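Remember, predicted model here, so these are calculated numbers, not experimental data. Naming convention: chains lettered A, B, ... in sequence-line order (proteins, then strands); numbering from 1 in each chain.
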There are 2 protein chains.
Amino acid sequence: MNLKQLSHMLALSQTTVSRALNGYPEVNEETRRRVVDAAKRHGYRPNPSARRLATGKTGMIGYVLPTGATVDIDPHFVEFLSGLGDYARSHELDLVLSPADADDQETTYRRIVANRQVDAVYISSPRPADRRVALVNTLGIPFIVHGRSEGFDFDYPFTDIDNEGAFHEAARLLVQLGHRRLALINGDDRETFAIHRERGVRRALAASGLVLRDQHVCSLTMTEENGYRAARRLLEQSDPPTAIACSSLIMALGVVRAVRDLGLTIPGDLSLIAHDDVFPWLKPENFSVPLSTTRSSIRLAGARIAERLAARISGLEQGARGEVWPVDLVVRGSVAGAPA
Amino acid sequence: MNLKQLSHMLALSQTTVSRALNGYPEVNEETRRRVVDAAKRHGYRPNPSARRLATGKTGMIGYVLPTGATVDIDPHFVEFLSGLGDYARSHELDLVLSPADADDQETTYRRIVANRQVDAVYISSPRPADRRVALVNTLGIPFIVHGRSEGFDFDYPFTDIDNEGAFHEAARLLVQLGHRRLALINGDDRETFAIHRERGVRRALAASGLVLRDQHVCSLTMTEENGYRAARRLLEQSDPPTAIACSSLIMALGVVRAVRDLGLTIPGDLSLIAHDDVFPWLKPENFSVPLSTTRSSIRLAGARIAERLAARISGLEQGARGEVWPVDLVVRGSVAGAPA
DNA sequence: GGAGTCTTCCAAAGCGCTTTGGTCATTTTG
DNA sequence: CAAAATGACCAAAGCGCTTTGGAAGACTCC
């Protein structure tokens, strides 16, 4: 059932039927009712390909997915997706993932914009002066950044959490508990979130006249194995830290394993706070010693970003507003006063 | 730059240019070269929306994503996606995720087929007599099932791993090591993979005149917490198992924690084998006691499914061929002879 | 040398929508 | 009361591609 058939059936022109269905004012309310009713009865759904060719609107949001044999997609992605999908569903939006060579995403961005394959895109895991942000900004497609970039001469819309604040609070607590040697096991420090977290820790230490020493900072992809390695390296130093702030729950698994291997205990020998993105399948309260965390649901972020994208597509949201969400500090058994 | 402009520029008709570009035979090779050359020089890319309206082909594969506040996307998904994306990228395919109410995916399948939004779909985590498989089969869109369903009066194309064989081997090894009381910590037993795994364990036990007792089987969503709970329940029975086969690495984390909480050791008091889908961020060899596993890369499966989907779209693959991949049994420190 | 057969190209008709630029009554306005 | 404005509708022109149904010329074949 297409528009032609439907309009013929109603003895109306395609124009009128189309307008009636799309809520244009220049159609009699009585007529509109007839049309809407008939459309529903016959299960008429406008062909999206046709509509798309005519209007350029696709009803889809896009994400350029970096791929490659050596590229791992972040497991956080799936939680983010849950939130995004949940919102998108209720608004009849689909998500298209365009796989791209991790080293050349620009081509793909240009393609999906030139071809009008999606109405809006989001960008995740941004770095300072991220080229994708600059590109998408000049290409003129609606977008939201999940996280923050830095160092542009323009503003852009983003939704981020207060990574600096979170790690500032975490470090401040540890310092208050008497810790003097803090370490940070961070994610990839080319990404903004990691930079912000480090900044937060440094600021907290500085406030008490302390510093974060270089050998007390590790920046690695967030795997269990890297968490283990980092912790070993830190704890086997001559002057090991008595507290660690850790950027992910998965890395924290490795830290806990390293501590155990070394015959140490948490929180007796080491206090530990990790960031928790809230996974359903791994919970900090279930660690052998319940883990203190800075907590922020990445799923909620996904939903929020879908919401903002939808708003931008429909023109409801404009401008370059950035929003920064506060992060909870949840204290559990893994922190204690510094050992004597 | 569109077809009209390009053909005008070449003093050819749109027909000829289109045919030249799409490799039709009725165009002079010399002319084709001119056309292809000019197209490249001017960066001409046919508008996908237009092509789509004309041909019905979208260059996209689809996945209906179950969503909802209480629905969690499996973290395996992200690894699967890595493989799928990697192949899709090299063949200029995009993936569209259509979020659907987890309890009503049918509507969404019907929509994406009726609207010709994608050229093919895949289905994951199938159950016996899975309605999605039956639906998609009657709707007539090319598809591949990742995993297996059962109990249809038709065949369908799938790619699965030999879950039964894998768990059969694992259980057989444990029995050979003298274990008489085996337990299975399984995933959701409404899904085929879980049924197959249980079947594999039962068969191995039966071969030695043993049985898998009901109180030795747990079927739960695969979270760390559920692994812990299941292990506690099993090990606190009056006649606890001396070996456990476990359906996921994440659950195995919980099992290990439970064992430790109970003051037991692996493999002294308990042998443990888990299934490993091969995550970059959590490796069985890095467990405190290196974990024996049945191993199969879900990422490879993703790539293979993309490949088969592409083949079906282009008509290279037809019929209902199912393929079953063997699974490696990797023995590490977590298994030993049964305690006396 | 006229009938067939290729080869190579083209004009125009879709695909199914949206949107422009009207028309024709009916109301409102000065 | 003529002129202007409004309300309700329509025909047809896009959107940019593919594909159908020729057509013109060159070549073969008795």
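- Side chains of Ser13(B) and Thr16(B): a donor on one and an acceptor on the other come within 3.5 Å.
- Rounding to whole angstrom units, CD of residue Glu30(B) and P of dT7(C) are separated by 17 Å.
- What separates NZ of Lys4(A) from P of dC15(C) is a distance of 7 Å, to the nearest Å.
- With no hydrogens or angles considered, no side-chain donor-acceptor pair links Ser149(B) and Arg127(B) at under 3.5 Å.
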With the sugar-phosphate defined as primed atoms, P, OP1 and OP2, and the base as all remaining atoms, what B/S/- string results for nucleotides 20-25 of chain D, 5' to 3', for protein heavy atoms under 4.0 Å? BB----

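- Checking the phosphate oxygens (OP1, OP2) of dT18(C), a side-chain nitrogen or oxygen of Ser18(A) falls inside 4.0 Å.
- Closest to the side chain of Asn28(B), out of dG16(C), dC17(D), dC9(C), is dC9(C).
- Across the protein-nucleic acid pair, Arg45(B) atom CZ and dT18(D) atom P stand 13 Å apart, rounded to whole Å.
- Side-chain proximity of Thr55(B) to the nucleotides dT19(D), dC17(C), dC10(D) is greatest for dT19(D).
- The shortest distance between side-chain heavy atoms of Ser82(A) and Phe80(A) does not fall below 4.5 Å.
- For residues 34-41 of chain A, proximity to DNA chain D is found at no residue, defined as any non-hydrogen atom under 4.0 angstrom from a strand atom.
- Salt bridge status for Glu150(A) with Arg148(A): absent, with no side-chain N to carboxylate O gap under 4.0 Å.
- The CZ atom of Arg51(A) sits 9 Å away from the C1' atom of dT18(C) (whole-angstrom rounding).
- Taking for each of Arg32(B) and Ala54(A) the nucleotide of DNA chain C with the nearest heavy atom, the 5'-most of the two is the partner of Arg32(B).
- A straight line from NZ of Lys57(B) to P of dT18(D) spans 14 Å, rounded to a whole angstrom.
- The closest side-chain donor-acceptor pair between Asn2(A) and Arg45(A), if any, does not fall under 3.5 angstrom.
- Nucleotide dC15(D) holds its P atom 13 Å from the CG atom of Leu3(B), rounded to whole Å.
- Which of dT19(D), dT18(D), dC17(C) sits closest to the side chain of Tyr24(B) comes down to dT19(D).
- Across all strands, Thr31(B) comes closer than 4.0 Å only to sugar-phosphate atoms, never to a base (heavy-atom distances).
- Atom CZ of residue Arg110(A) and atom CG of residue Asp104(A) lie 10.0 Å apart, to the nearest 0.5 angstrom.
- Comparing atom distances between the Thr16(B) side chain and each of dT18(D), dG16(C), dC9(C) picks out dC9(C) as nearest.
- Here Ala20(A) lies out of heavy-atom contact (under 4.0 Å) with every strand.
- The distance between the ring centers of Tyr122(A) and Tyr63(A) falls below 6.0 angstrom.
- Each of dC17(C), dG14(C), dC15(D) was ranked by its minimum atom distance to the side chain of Tyr44(A); first place goes to dC17(C).
- For the pair Arg52(A) CZ and dC15(C) C1', the computed distance is 14 Å after rounding to whole Å.
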After noting the C-alpha distance and the side-chain angles of Tyr87(A) and His91(A), does the key distance pass the ring pair (Phe, Tyr, Trp, His ring centres under 6.0 Å) rule? CA-CA 7 Å; Tyr87(A) 182 91; His91(A) 290 251; 4.2 Å; yes

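- Per the geometry, CG belonging to Leu21(B) stands 12 Å off C1' belonging to dT18(D), to the nearest Å.
- The residue among Val17(A) and Ala50(A) whose nearest nucleotide of DNA chain D is located toward the 5' end is Val17(A).
- Distances shown here put every side-chain N or O of Asn2(A) at or beyond 4.0 Å from the OP1 or OP2 atom of dC15(C).
- Between Asp94(B) and Arg111(A), at least one side-chain nitrogen of the basic residue sits less than 4.0 Å from a carboxylate oxygen of the acidic one, meeting the salt-bridge criterion.
- For the residue pair Phe143(B) and Pro157(B), the shortest heavy atom distance occurs at O-CG, 3.1 Å.
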